[in-house]
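Presented below is the structure to which this report refers.
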Amino acid sequence: MHPAPSVILFTTLSGLGFGLLAFLGLGMPDVTGGSALAFYGIGFALAVGGLVASTFHLANPKNAIKAFREWRTSWLSREGVAAVLTLTVAGLCAVGAAFFDTRLAPLGWLSTALALFTVHCTAMIYAQLKTVPRWHQIWTPVHFLTTAIAGGALLAGQVSLAMPLLLLAGGVQWVTWVQGDKRFAAAGTTLETATGLGAIGTPRPFEPPHTGSNYLLREMVHVVGRKHSQKLRLIAVALMSVVPVICLLLPFNHLLAALAVLAHLLGVLVARWLFFAQAEHVVGLYYGGR
Amino acid sequence: MTALPATTTRQLGLVIDLDTCVGCQACVIACKGWNTENYGAPLSDQDPYGTPSGTFLNRVHSYEVQPETGSAQLVHFPKSCLHCEDAPCVTVCPTGASYKRVEDGIVLVNETDCMGCGLCAWACPYGARELDLAAGVMKKCTLCVDRIYNDNLPEEDREPACVRTCPAGARHFGDFADPDSHVSRLTKERDGMDLMPEQGTKPVNKYLPPRPRDQIDVLAPLLNPVAEEPTGFLRWLDKALERL
Amino acid sequence: MRQPPLDTAPPVSDEIRHTTCYMCACRCGINVHMKGGKVAYIEGNRDHPVNKGVLCAKGSAGIMQHNAPSRLRAPLKRVGPRGSGEFEEISWDEALDIAQSWLEPIRHDNPEKLAFFTGRDQSQSFTSFWAQNFGMPNYAAHGGFCSVNMAAAGIYTMGGAFWEFGQPDWDHTKLFLLFGVAEDHDSNPIKMGIGKLKARGARVIGVNPIRTGYNAVADDWVGITPGTDGLFILSLIHELLRAGKIDLNYLARFTNAPVLVDADTGMLLRDDAGKELVIDRRTGAPAPFDEPGVQPDLAGTLDGHRSVFQLIADRYLSPDYAPDAVAETCGIPANRIRAIAAEIARVAFDEAFEIAQPWTDFRGERHAKMTGRPVSFHAMRGISAHANGFQTCRALHLLQILLGTVEVPGGFRFKPPYPKPVTAHPTPHCAAQPDSPLDGPHLGFPRGPQDLALKPDGSPARIDKAFTWENPLSAHGLMHMVISNAHAGDPYRIDTLFLYMANMAWNSSMNTGGVMQMLTDTDDNGDYVIPRIIYSDAYSSEMVAYADLILPDTTYLERHDCISLLDRPICEPGAAADAIRWPVAAPDRDVRGFQTVLVQLANRLKLPGFTGADGQPLYTDYADYMTRHERKPGIGPLMGWRGDGTDTGRGAPNHDQIDRYIENGGFCVAHIPDEALYYKPWNAAYQDWAVGMGLYDAPQPYLFQLYVEPMRAFQRAAEGHGDRQPPAHLRDRVHAAMDPLPAWHPAPSDPAYPIHALTQRPMAMYHSWGSQNAWLRQIHGENPLYLPTAIWDGHGFAPGDWARVTSPHGAITVPVAHHAGLNPHTIWTWNAIGKRGGAWALAEDAPEATRGFLLNHLIHELLPPRGDGLRWSNSDPVTGQAAWFDLKVRIEKLPARTSTLPDTGRQNSPVPVAPDALAWKVGP
Ligand SMILES: Nc1nc2c(c(=O)[nH]1)N[C@H]1C(S)=C(S)[C@@H](COP(=O)(O)OP(=O)(O)OC[C@H]3O[C@@H](n4cnc5c(=O)[nH]c(N)nc54)[C@H](O)[C@@H]3O)O[C@H]1N2
Ligand SMILES: Nc1nc2c(c(=O)[nH]1)N[C@H]1C(S)=C(S)[C@@H](COP(=O)(O)OP(=O)(O)OC[C@H]3O[C@@H](n4cnc5c(=O)[nH]c(N)nc54)[C@H](O)[C@@H]3O)O[C@H]1N2
Ligand code: SF4
Ligand code: SF4
Ligand code: SF4
Ligand code: SF4
Ligand code: SF4
Ligand SMILES: [Mo]
């Protein structure tokens, strides 16, 4: 799939933002006043920033408001609804914490649940797609959730939690990749099944339907070299998990903390680039992909 | 509108005959012409006189198939929306723009609702949806819904533009819910097949596989000679002429 | 659940205008849907005899052709050097003044100085009439580089050809063999026909080195080695003769197989009235072939003179033609040849059927039934565009005639005005006189050396050297030789080259780079070697840049046109039919239909034929000519609604005629009576119907010419008989080429160039025009060179690689791709996709200019020197047909690059810059 900056930013930033909001909902840290404002501010900025980034992916954003309509069937719609609910509930919590110095625990728990559900919805937008076997696996939501939680813990300053969570997220990310690598073959979709010609022999694309380009090729047929991607995977996990954990293990220092966050963010961005760039859509088969 | 109807009254769709399609691309352009002028936004083209990229609802691929023995065969392969029974493109749509019609099963995009997120195109295994860059809305085969019921057209023309134009007669349109329809019978007689059955989309459109090729060596018995050289031949000729 | 409201019955258009497509030469009927006076949508006309509603990709994309930004806008006068594309727009008055000032003195002083050649002209009966009245000897259309072998071999053998002049009996045939066709002129009818066969489960065999398109859907693919079809066909004939699987009755009655050949001269024996003689089986005595009751004896002999049939048996039963002997050369296993022969015989004879339709033959004999032989053949340029193409086409006709499958149910059928024997065609004329029309039509069918177009000193009378000893039967002229001959001043220098719709600086020339050079070459005074070039095109083609004066044509939806029985009508085997085009949309530019421009020029030049006795012009424009011109009394360009509007075929001119065509959908059909539907050359009912329609003036039944006597006449000249004999250096060649029975000669080969290189027409593109079409060019915007597995693997090619391809004449550097279903010694590409930078209003970096290429750079109009001091032309020695497909090359692998070679530079565009986005909707 085309690794569009809008969707990479969307999943990365909103995951991080909702991860942070999830911790804030649990009172971790239990902040009030100015620091509540700051924490929630960061959470909102990331979550909303991610959502705004996602609208750059829309070719007809004037209809974006209609995206809330089909929550009964559509994960994308659910994601939108869940995000708004989360932001509303978390907003109430933020107002309570920042201006009234109160934390309504049940409301907080609700906002945590909603935040995690929102991340789950985001993941399901991709995981539901049978057409992209690499995404269509249980590890996709697990990975999105663990990454969001680990990132949230890191941002929320939950150092002792963050370290194992970051390692867990890194591990899950790796497993997701390894499992993902097998998914296309496991899905059983081949040029033979795509064309129904397998009964005759081995099909091979001869001439494409057009020498000009088209939307499908740009959007869904993106090829990354294997060597290249192995290197990027190592870099991604190093940045998103290992470097932050090392930073956290070292004696606390604001610069190191910032570095941990920055490394994590960069790592997740690289991982998300790979998430899209490595995802093979079955339609690529028709064009000789895979 | 993104829930799929449990059943549809009719199941309209196409049969595409891979034995007959010569790959002429007529259906591609007839579709482009009709759908540029009709349903919804025109099918636009970017950089049409430079390095072009445009929206098409129907495209004809071609594949070479290498059998275990014998020479490779070439199959032309037209592909448009298959109007799946279990259309994943519909259920993923957040705005409700995508829907499957209850009365005939046609899968459509209501352009006034579409926000151009592209998710439905991602959900379609067949590459049957293309986002139009000029209009920002998702385009797909409408099964010429604005022709097949259109009483401004003579009755014989109430069929999809691609079917009407196909010079080889490789495209057939009809109701698969009716077991006696032309398309149902063709599908049965010629072992019509589903594309990517494992994707679980239950496509309505069916493809007729190419008939076996290169069988001539196993057909007729070889000829028996009546003569091996001209004089013998003339003797045979004389007798044959007698019998005339 | 609620569905959005949807109007399933929107209005389709304000009005439908019926006219004829021009996106290729197939001439399908189209319904042009108009909205607010603009063209909104084009579909096929269901009532039309050619396409019956279907339309190909090009036809449907006509709207993009009609609106192409490359359309010329006004007459152009060259201001920069030739080839630069620098022009200024001028008025029509000025343009016609210039043309008149160039043409008038030529006509007055020496008409030879004008060469007028038209491309795939759909108004040849008109352009040739114009040329004949102008009086220069130099006129032809494009057939010489296209498929004259097919036309001439068919007409000399059976009075009609494949091409679009006949077709298989699609409704009855059960076995169809297709030789060397990628698309052909009968584009939609062939597809419809194949569709019919497929629906019936009939068998299709494709004989073609390349398995694509029709050959891909063929049940059996015979991947023959290029240039060897003649041998393969003669081997099939060998097998059929050996097994006695031939239609003796048919041969005896309808062909010259029983005709006696003079053992001394090789000419046919005739009676005093000139009738060919046969032995009558009833009496054992000689009799004229057409005597009522005669039973011609295939085995007849008379004083040592033997029948044609015996010569045929002698020749083709020779072991030289046995499958085992030809298998390797043809690249077809011997058993496969035997199996195909067996299948042909089985279907022709075991599946023979009868139609209960009585008919009467030309000898007056009444037949109760028509016997069907459901095997049919079709062929086109794959067999004809070789230097042995004429004889190969003849071989194929011999095969179908031996089987008795021509003009019978299930076989091959002619479309009116065919069948028409050679004797009913004109001979060529070339006697040019100042200020006078030519002494007769330029083109025709020579019956012997006496009809060659030679000057009294024996030198060629025509600039293209048509009808000379080099190519005696060049019935369509040799358009591909005009520029190089004019450049060389051989046989003479010309002053003005006048071309119409042929992209001669590009895809219709061999040696494209060389031709561009010839068009721009100057002499010692700095003047162009070809002094003046007038050209009519509708679009900004490559050729436009090489002309001095451009006469911009309209698009096909903006003018009158006439698809006439006088040249290439749209008939069906069961009907005569013709058609028109008419201005369904008004031009928005200062352009004129070229035919009208020719009328205007004729009026200025006061050409006879266009000028009345009073010196006044006869016609105002082409539409006027279409209705009022009479070629013979009662016979004009259009057959329908003549006289008072009720006459068809013959009748006085009717000023309402065009309106009646428009009312009827743009065409006219006259059905052939049931009794006359088959056996047309010999069927009295057909002959009478044809006379009534004005196709002939008197019945002219004839025999199929298995043995072509006019060819023997040329051989005799080469043997030293007669007062016109070939020059010494051509004697052997003429003798070998003009074999009166089909023969096969291998193309010259050089081991340094072992690979055959071919082109094919893409179904969705028409030559060079398609590339200006925004929709079509997305399908074929570039063309890789396809390589068979043997070469792909052998050279270690991988996807994305490029190659240098070298012929004895030059080299090109191009992208490659793999094609397994391909003859192992053959490579190929799509024809005419490559474009010169700046042409066709395309962007500078358009893929056609950077990744597209022409194979033409590798093909020379002359063969490489052979050490005999002569440069033989790269064409068939019988007809002069350009041998495009004899090209042999070698190939080397190269790493990927960004643009193809050679680089032919760029031309300035005389039209405005094209838009960078399209969303073409005319609207509600
Ligand atoms: N390598 C290779 N070369 C080949 C062939 C091949 O098989 N291989 N085939 C050969 C054959 S058979 C042919 S017929 C030639 C064809 O080659 P050309 O005869 O050159 O054919 P086109 O490219 O169609 O060019 C015709 C010109 O007509 C112009 N035109 C289009 N419409 C109109 C109109 O309405 N009015 C006027 N006045 N002009 C118009 C176009 O713009 C174009 O410039 O190519 C030959 N060249
Ligand atoms: N779409 C479209 N239609 C067209 C045209 C066009 O440009 N586009 N052009 C029109 C014109 S002008 C013409 S002349 C006709 C020509 O129509 P075709 O006769 O179909 O011409 P080509 O496309 O040149 O195809 C020649 C075929 O012959 C095969 N061939 C080459 N050498 C041999 C051989 O030695 N033996 C055999 N058996 N096969 C061989 C090639 O592989 C190819 O398939 O098409 C007309 N129709
Ligand atoms: S083919 Fe694709 S677009 Fe059409 S219904 Fe099926 S999934 Fe949807
Ligand atoms: S692109 Fe349009 S139709 Fe497709 S899912 Fe998005 S909103 Fe729905
Ligand atoms: S049915 Fe209509 S919309 Fe669908 S492919 Fe055919 S022409 Fe196009
Ligand atoms: S129009 Fe018919 S024959 Fe041509 S590509 Fe389409 S389906 Fe195939
Ligand atoms: S075959 Fe196609 S381009 Fe040619 S006349 Fe017919 S519709 Fe037009
Ligand atoms: Mo041609």
Side-chain angles (χ1 to χ4, degrees), chain B residues 3 19-20 22-26 28-30 32-34 36-37 42 44-52 54 64 66 71-72 74 99 101 110 134 145-146 149-153 164-169 213-214 216-217 219-220 222-226 229-230 233-234 236-238 240-241 244, chain C residues 1 3-4 8-12 40-41 44 54-57 60-61 188 191-192 194-195 198 211-214 216-217 219-220 239 242-244 248-249 299 313-314 317 336 338-343 345-346 763-764 774-775 778-779 820-821 841-843 846-847 914 916-921:
Chain B
D19 189 55
T20 303
V22 297
C24 69
Q25 309 268 355
V28 173
I29 302 292
K32 176 98 175 174
W34 175 261
T36 289
E37 192 53 37
S44 70
D45 304 291
Q46 283 64 47
D47 201 7
Y49 301 100
T51 307
E64 271 207 294
Q66 181 63 61
S71 34
L74 192 128
Y99 66 107
R101 281 160 55 92
N110 174 13
V145 68
D146 49 357
Y149 301 111
N150 194 336
D151 45 25
N152 293 312
L153 288 171
R164 187 191 188 284
T165 212
C166 174
R213 300 275 190 251
D214 300 326
I216 200 140
D217 306 39
L219 281 182
L222 295 187
L223 294 170
N224 290 322
V226 296
E229 28 66 63
F233 180 77
L234 285 179
W236 166 83
L237 178 63
D238 246 352
L241 290 173
L244 272 188
Chain C
M1 195 161 49
Q3 290 181 176
T8 56
V12 173
Y41 178 62
V54 308
L55 211 61
C56 81
S60 297
N188 279 330
K191 293 180 189 79
M192 291 154 74
I194 289 178
K198 287 276 175 184
R211 190 174 212 174
T212 56
Y214 305 152
V217 301
D219 299 274
D220 297 272
E239 282 295 285
R242 223 171 119 251
L248 298 175
N249 189 35
D314 279 358
L317 281 168
R336 197 139 198 244
R338 283 189 276 265
I340 293 169
E343 179 65 4
R346 186 188 67 75
M763 293 182 186
W775 295 349
Q778 294 186 49
I779 299 173
L842 296 182
D916 57 12
L918 261 188
W920 196 275
K921 189 166 192 151

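Note that the structure is a prediction, hence the values are computed from the model and not measured. The sequence lines fix the lettering, A, B, ..., with proteins before strands; numbering per chain opens at 1.
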Ranking Ala843(C), Ala820(C), Gly44(C), Ala846(C) by heavy-atom pairs under 4.5 Å to chain B gives rank one to Ala820(C)
Which atoms of Gln25(B) come close to chain C, meaning under 4.5 Å heavy atom to heavy atom: side chain ones, backbone ones, both, or neither?
-> both
Looking at residues at least two apart in the chain, or sitting in another chain, which of them share a side chain to side chain contact (heavy atoms under 4.5 Å, CB included) with Asp916(C)?
-> none
Part of Cys166(B) lying under 4.5 Å from any heavy atom of chain C | backbone
Can you measure from CG (Asp45(B)) to CH2 (Trp920(C)) and round to the nearest 0.5 angstrom?
-> 11.5 Å
Flag the one option from Asp146(B), Asp214(B), Asn152(B) with the top tally of heavy-atom pairs under 4.5 Å to chain C.
-> Asp214(B)
Top contributor to chain C interface from Ser71(B), Gly23(B), Gly169(B) [non-hydrogen pairs under 4.5 Å] | Ser71(B)
For the pair Arg211(C) (side chain) and Leu74(B) (backbone), establish whether a donor and an acceptor sit closer than 3.5 Å, ignoring hydrogens and angles.
-> no
Given a strict heavy-atom distance threshold of 4.5 Å, which part of Leu241(B) is in contact with chain C: side chain, backbone, both, or neither?
-> both
Is there a side-chain contact between Asp19(B) and Lys198(C), using heavy atoms and a 4.5 Å cut-off?
-> yes
Top contributor to chain B interface from Ala345(C), Gly213(C), Ala341(C) [non-hydrogen pairs under 4.5 Å] = Gly213(C)
What residue, out of Val22(B), Val28(B), Asn224(B), has the most heavy-atom pairs lying under 4.5 Å from chain C?
-> Val22(B)
Among Ala914(C), Ala313(C), Ala40(C), Ala61(C), which residue forms the greatest number of heavy-atom pairs with chain B at distances under 4.5 Å?
-> Ala40(C)
Return yes if some donor-acceptor pair links the side-chain N/O of Thr165(B) with the main-chain N/O of Leu55(C) below 3.5 Å, else return no.
-> yes
Could you list the residues that satisfy ring-ring contact (aromatic ring centres under 6.0 Å, His included) with Trp236(B), not counting sequence neighbours?
-> Phe233(B)
Is Glu37(B) reaching over with its side chain to a backbone N or O of Gly33(B), donor-acceptor style, under 3.5 angstrom?
-> no
Select, from Leu842(C), Asn188(C), Asp219(C), the one with the greatest count of heavy-atom pairs under 4.5 Å involving chain B.
-> Asp219(C)
Between the side chain of Asp220(C) and the main-chain N/O of Ile216(B), is any donor-acceptor distance below 3.5 Å?
-> yes
Looking only at Pro230(B), Gly50(B), Ala30(B), most heavy-atom pairs under 4.5 Å shared with chain C are made by Gly50(B)
Toward chain B, the part of Ile779(C) with a non-hydrogen atom under 4.5 Å = side chain
